[in-house]
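Residue numbers count from 1 along this sequence. This is a predicted model, so every value here is computed, not measured.
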Amino acid sequence: SRQFQDTHIQNAAEEPRVLCIIQDTTSAKTVNERLTLNLPASTTLSRLYEDVSHKAGYVNGTFDLAWGNMPDMASLDHNSEMSLSESGFEPGGKKNFLHLTDKDGEQPQIASDESGTADSSGVDDSSQERFIGPLPRESTAGCSGDYSSPSYTYSSILSKSDTGYVGLVNQAMTCYLNSLLQTLFMTPEFRNALYNWEFEESEEDPVTSIPYQLQRLFVLLQTSKKRAIETTDVTRSFGWDSSEAWQQHDIQELCRVMFDALEQKWKQTEQADLINQLYQGKLKDYVHCLECGYESWRIDTYLDIPLVIRPFGASQAYGSVEEALQAFIQPETLDGPNQYFCERCKKKCDARKGLRFLHFPYLLTLQLKRFDFDYTTMHRIKLNDRMTFPEELDMSPFIDVEDEKSPQTESCTDSGAENEGSCHSDQMSNDFSTDDCVDEGICLDSTGSTERVLKPKSLLTFELFSVMVHSGSAAGGHYYACIKSFSDGQWYSFNDQHVSKITQDDIRKTYGGSSGSRGYYSSAFASSTNAYMLIYRLKDPSRNAKYLAVDDFPEHIKSLVQKEKESEEQEKRQREIERNTCKIKLFCMHPVRMMMESKLEVHKDKSLREATEMAYKLMELEGIVPLDCCRLVKYDEFHEYLERSYEGEEDTLMGLLLGGVKSSYMFDLLLETRRPEQVFQPYKPGEVMVKVHVVDLKSEAIASPISVRAYLNQTITEFKQLIAQATGLSAETMRVVLERCYNDLRLLYVPNKTLKAEGFFRSNKVFVESSESSDHQVAFTDSVLWKLLDRHGNTIRLLVLLPEQSPGTLANRTQKVRGDSDVIFDGTKGNRKSVEAILEESTEKLKNLSLQQQQQGSSTSDSQKSSDASDFEHIESPTQEADSNSSLCVAADNRELENRIRASAGSSGGASSDQENHFACEERSDSEVNNDRSTSSVDSDILSSSHSSDTLCNADSGPIQLANGLDSHSITSSRRSKAHEGKKETWDTAEEDSGTDSEYDDNGKSKTEAQYLYFRAEPCSQEDTSWDAQKCLVVHVDKRITLAAFKLNVEPYVGVTSTQFKVFRVYANNQEFESVRLNETLSSFSDDNKITIRLGRALKKGEYRVKVYQLLVNEPEPCKFLVDTVFAKGMTVRQSKEELLPQLKEQCKLDISIDRVRLRKKTWKNPGTVFLDYHVYEEDISISSNWEVFLEVLNEPEKMKSMSELAILTRRWSPATMKLGPFQEVILESSSVEELKEKVFEMSSIPLENLEFAKGRGTFPCDISVLEIHQDLDWNPKVSTLNVWPLYICDDGAVVFYRDSTEEPMELSDDERNELMKKESSRLLKTGHRVSYSPRKEKALKIYLDGGPAKDPGQD
């Protein structure tokens, strides 16, 4: 049988393999897994089902497998003996996607923890040895996927009962930690000593106690029923945060750091010397003089012996551990230039230098140095050479038996105090020593003592019990451990959560290399899997311990076992409950809090009645609605669709009602409420929801919706009858309009057409109107109904932030409404004058406009009604006759409403009396209408009608509240606006023609006068906005209005004409962009977009807004903002200066004469091209919107006369004083270096032959530390012109440093240098220059004994 298996494995390695990726699409588990199997192509389909059932943990035969990319094909045959390759699977690394699905509509059964292995316990040897590919790791996050590990049938993975051992979960990249922890656990002496230590809770926190957390982990490893347990508590005790789990470290590094931490924690306990007793050996480091025989030496301790795999510079590796050990103690001869100075001979002599082992530890750790450094590529590499290691290692040949303790032998100095406890000197981690025999892995702590205990040879036999394997490269990989149990001599593979039996043969496969006998592992990635660390135990019957049996545990461990067992059982019960709990989204229209959302978690065996009670409590309806007025119904939140109610199913179990426990449901539940006098109507599956909005043409009101349920096969006539019953309207004169999607209005006029044919869906929105008016005789698109709905569909609500300086406050804004009285109600007499004065001329246009409007309407009889005035601005609208109020001009209407709102808020009698005063509209002065409410820029995204129906409001009650949330308008509205949220207009910042359309045509007439679209404004309430409600306006406007018309409508509230203010759209991150295109509509805006209005001249065509900064070359902050101004296309630089100077005088108190001002290009902080007076914007100087320019005040009239000249900023560096002079400008006729030097010579008198210059680096002012300038800059470049490499000085504003080459740098003492360095770094920090950058380094592995890493306050 043995022979047969070997050939079986041999062939398995050669045959092609099939990679299957299986997505679990069932709801049997809370998380849908994705399984990866790498199978031989000869595997049969029935075998595939077996392997999948083991891997997924399901009972075989309770699930189907189907092709993932061809869902319509039949599932794969359970009993077929066809191989994978015959069944259409593609071998050779191609991914074959399969779906694991329910069988016959039933969910797969989960194999229980205990029963899952019943079938595998009787598995015969041959199946035990059948390899299924390199084990795909469960946590693929860290260690890249292809590392193989000895893997056996998947049955061995499913549960602990197979091997009796528990695995450890990989936190991400903690496989190296798991391997070490399992090795320590499987070391009887370490485990027993750890159990004997007792934790004193009074003395330290259990969370940060490393020995206590290890103790807990070991107890769980020994007693848990789980397949694998977590190591997070242990790593937390190390003081690691979760990021440490993503750092892969070296096992040997961890081993030392952990032993160190344990020694620290165990001081003053009986375990104080445990690590040294078990793991520490001694060796002698000696030098022997070959002339006189004198030897100097010292004694060192070690925890592990590092063995070189391939000697430095050699191409051949050592073949075995014994060979490498021999090399480790092989002395080297010091001769030639390396001769040793002998204390006895008092001269340099030839000598022999080497190491001798004096004492081997009880547990001998050998580290195979597989990681090396390749000096040709300068990369870390991993050596995968074959190195054999015996199961029993005789160490007697390596012990130092020759006793040379002759009088000449002297001890040299100690390297440290006796038994420091830490033998981890820095030499250990120097992985790239060139000196092979004195390898760096040895710890140089001397013991001072020289006595040597010689053991008889038989006592130096060590048996191998742990092999830590690394698979992967030097860049990263995966660790796992092969460990022999001392209780039964069986080898096991501990690979994170998987523990399985292995054979001696598998251990041999970890030698490395690529020998022929390596079976399955000879595939491409197997060669990178090899032993990295070996642990041997001394064969000594007097010391070899057995693992403590559970019955022999000390009392404190017994109680710990009990505690852990209880918490595990509690966890298991919790998991069982979780597995049977249905979790579904729950909604409720709360009478007080409106729409509420929650998650209902109900056990599958609870009845609907119990679930309703749970939902009732969850939604906090107690005391508000009686329980018998509530019911749960099936609901689709996305379409706001009530699918069905559950009449008569009160005792049905929720598991049946919801179709089983699933990770997610395709529907939701709604807790519906009713008033005691109402009855619940049954909702049958197959019905559709219709929200019916009744439209009143007289008042132009659109009512809140009423919900009606209809059938798709109903005709329009039957549907009208249904609506007539629900609304009380007459079905004969009824018009029904379906809004199919945004703004798609469809009149339903064919009597016998079905709802389905008309395009009804699960959830629908209709408008109905039934009146005797003649409106239904005209074509639908010409009717008033259509206009009203069209307006309703296009109206958006905007929040407008008004500027501070608008004259008059909201309260005293003068209010005029046309009526019989012409008395002016004046809030503040004093204010009145200024307002009129400011706006005398600017309001003419608007007055005429409002008069025009008034003449079309009739008088207002009742001020109470006035605020319900038609907010529709179609002057020709047929409704004008129908509604006597419609004549009101907009602003009046608004202020009326505003006062009404204020009056109702309980203001003084005076305030309410002003409702009785009706004023003539034309008296209204724009300025009085608003000051301190502010608006935000007008750009928004597509409207949603979600505010519109309630905003056609009725002033007495304020906006009408929406009825039950399910009856509000179609949800599509709010979703729609979200869909457009992301779109920004490009036109706000468009560079070209940013000033495009002027507000006026050539005759100066306003283009917008003829076009009236709905516009209504009202004061903002506090909850509407985060802004100050005082300065905010809520505007309901038809988004097809142009920006020009919008500005005209807003004029009265801003208080200045539309040419005198700018409109900015505010985006989500509070960024503002100016909207400038006057004939663009507001169609890109959506509900609740914000607009800010700022005073300032709006741009005309060809104008650009320009920010002017002052350039102060010798100031610490060389760039200072002055003013915002406007430059126009075609203007000369001189003209722009003329316009700018008065502005500077007024706003910045700068009085400068025109010939002392220079304008120049600004590129970030760098001064650029100088603009000459005759340059024309857009012809000579390209200009764009939001342009920036530097203004420089000159000490003398401008010297630059032509574009061919070059203005350069020079600065003298004086090494003798360590100082930089001020900037001085030189103007060059050409780009020659000669001319530059001559000009500098004239300025500085440094002789030409001694003059050296260098170009400054970075942005202006090219700051550099005075300690670095002398060497760091590229002084005296070998060029004759400035416009070539490395200078590239082609434009004005370049910075050039110059110096006298004969001047010697100042001599600085260390203190002076440090002082200067401090000064310079603080100066450069202020100017923001020279931020040092340090790239990310690999983190050192640390275990924190004080509970965690201290955060360095300066870090980050």
Side-chain donor-acceptor pair under 3.5 Å between [X] and [Y], yes or no?
X: His478; Y: Asn495; result: yes
X: Ser542; Y: Asp540; result: yes
X: Asp552; Y: Tyr547; result: no
X: Asn580; Y: Glu576; result: yes
X: Tyr302; Y: Gln280; result: no

Provide the closest heavy-atom pair for [X] versus [Y] in the form atom of the first, atom of the second, distance.
X: Gln215; Y: Leu194; answer: NE2-O, 2.8 Å
X: Gly660; Y: Cys582; answer: O-SG, 4.2 Å
X: Leu100; Y: Ala56; answer: CD1-CB, 4.3 Å
X: Ala531; Y: Leu368; answer: O-CD1, 3.6 Å
X: Thr163; Y: Tyr492; answer: CB-CE2, 3.9 Å
X: Val166; Y: Ala228; answer: CG1-CA, 3.9 Å

How long is the span from the [atom1] atom in [X] to the [atom2] atom in [Y], to the nearest 0.5 Å?
X: Met468; Y: Thr510; atom1: CE; atom2: OG1; result: 12.5 Å
X: Ser466; Y: Leu534; atom1: OG; atom2: CG; result: 8.0 Å
X: Arg579; Y: Lys604; atom1: CZ; atom2: NZ; result: 10.5 Å
X: Lys509; Y: Cys482; atom1: NZ; atom2: SG; result: 10.5 Å
X: Asn196; Y: Phe553; atom1: CG; atom2: CZ; result: 10.5 Å
X: Phe462; Y: Leu393; atom1: CZ; atom2: CG; result: 7.5 Å

Do [X] and [Y] have side chains that approach each other closer than 4.5 Å (heavy atoms only, starting at C-beta)?
X: Met533; Y: Val467; value: no
X: Glu391; Y: Gln504; value: yes
X: Val321; Y: Leu366; value: yes
X: Leu600; Y: Met614; value: yes
X: Lys484; Y: Met186; value: no
X: Asn276; Y: Glu263; value: yes
X: Asn530; Y: Arg370; value: yes
X: Leu181; Y: Leu214; value: yes

Who passes side chain to side chain contact (heavy atoms under 4.5 Å, CB included) against Ser559, sequence neighbours left out?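 Checked Ser559 against side chain to side chain contact (heavy atoms under 4.5 Å, CB included); zero matches.
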
Residue list, side chain to side chain contact (heavy atoms under 4.5 Å, CB included) with Glu568, at least two apart or on another chain: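 Listed in chain order: Leu220, Ser224, Lys225, Lys226.
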
inquiry  = Would Val207 and Arg236 count as a side-chain contact (heavy atoms from CB on, under 4.5 Å) here? Give the steps.
reply    = CA-CA 7 Å; Val207 175; Arg236 196 175 293 121; 4.0 Å; yes

Would you say [X]'s side chain and [Y]'s backbone share a donor-acceptor pair under 3.5 angstrom?
X: Glu189; Y: Ala545; answer: yes
X: Asn192; Y: Leu548; answer: yes
X: Gln497; Y: Ile229; answer: no
X: His556; Y: Tyr195; answer: yes
X: Glu601; Y: Ile584; answer: no

**Study point:** side-chain hydrogen bond (donor to acceptor under 3.5 Å, both in side chains) between Ser485 and Tyr165, intermediate numbers included
**Key:** CA-CA 10 Å; Ser485 161; Tyr165 291 103; 3.2 Å; yes

- Message: The test is side-chain contact (heavy atoms from CB on, under 4.5 Å); show your working for Leu538 and Phe360 and say whether it passes.
- Response: CA-CA 9 Å; Leu538 184 68; Phe360 290 114; over 6 Å; no

Practice prompt. Answer yes or no for Arg537 and Phe486: cation-pi contact, defined as NZ/CZ to six-membered ring centre under 6.0 Å and angle to ring axis within 45°.
Written response: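 Judged by the rule, Arg537 and Phe486 form a cation-pi pair.
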
Aromatic ring proximity Phe259/Tyr279, centre distance under 6.0 Å: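 Distance test on ring centres: under 6.0 Å, yes.
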
Listed once per pair and sorted, the ring pair (Phe, Tyr, Trp, His ring centres under 6.0 Å) pairs that draw on residues 212-232, sequence neighbours left out:
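Checked against ring pair (Phe, Tyr, Trp, His ring centres under 6.0 Å) - neighbours excluded - the pairs reaching residues 212-232 are Phe185-Phe218, Phe199-Tyr212.
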
* In sequence, state the C-alpha distance, the side-chain angles, and the governing distance for Lys583 and Glu578, and then conclude on salt bridge (Lys or Arg N to Asp or Glu O under 4.0 Å). => CA-CA 9 Å; Lys583 296 179 184 171; Glu578 283 282 295; 3.0 Å; yes

**Report entry** Test side-chain contact (heavy atoms from CB on, under 4.5 Å) applied to Gln182 and Leu168, step by step
**Finding:** CA-CA 8 Å; Gln182 291 282 21; Leu168 292 173; 3.7 Å; yes

- Task: Decide yes or no on side-chain contact (heavy atoms from CB on, under 4.5 Å) for Val52 and Tyr58, but give the supporting numbers first.
- Result: CA-CA 8 Å; Val52 172; Tyr58 291 141; over 6 Å; no

Partner of Ile535 under side-chain contact (heavy atoms from CB on, under 4.5 Å), chosen from Asp304, Thr187, Thr183, Leu364:
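For Ile535, the side-chain contact (heavy atoms from CB on, under 4.5 Å) check succeeds only for Thr183.
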
- Message: What I want to find out is whether Lys565 reaches Glu569 closely enough, with some N-O distance under 4.0 Å, to be called a salt bridge.
- Response: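 Glu569 and Lys565: not salt-bridged.
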
Closer than 4.0 angstrom, basic N to acidic O: yes or no for Arg216 and Asp233?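 Judged by the 4.0 Å cut-off on N to carboxylate O distance, Arg216 and Asp233 do form a salt bridge.
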
- Heavy-atom count around Lys558 NZ within 6.0 Å, excluding the residue itself: above 12?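 Buried by this count: over 12 neighbours within 6.0 Å.
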
**Request:** May I ask you to decide if the ring planes of Tyr532 and His470 are parallel, tilted or perpendicular, using 30° and 60° as cut-offs?
**Result:**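 Tyr532 and His470: tilted rings.
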
Practice prompt. Report the C-alpha distance between Phe494 and Tyr480 in whole Å, list the side-chain angles of each, state the deciding distance to 0.1 Å, and finish with yes or no for ring pair (Phe, Tyr, Trp, His ring centres under 6.0 Å).
Written response: CA-CA 6 Å; Phe494 290 87; Tyr480 62 93; over 10 Å; no

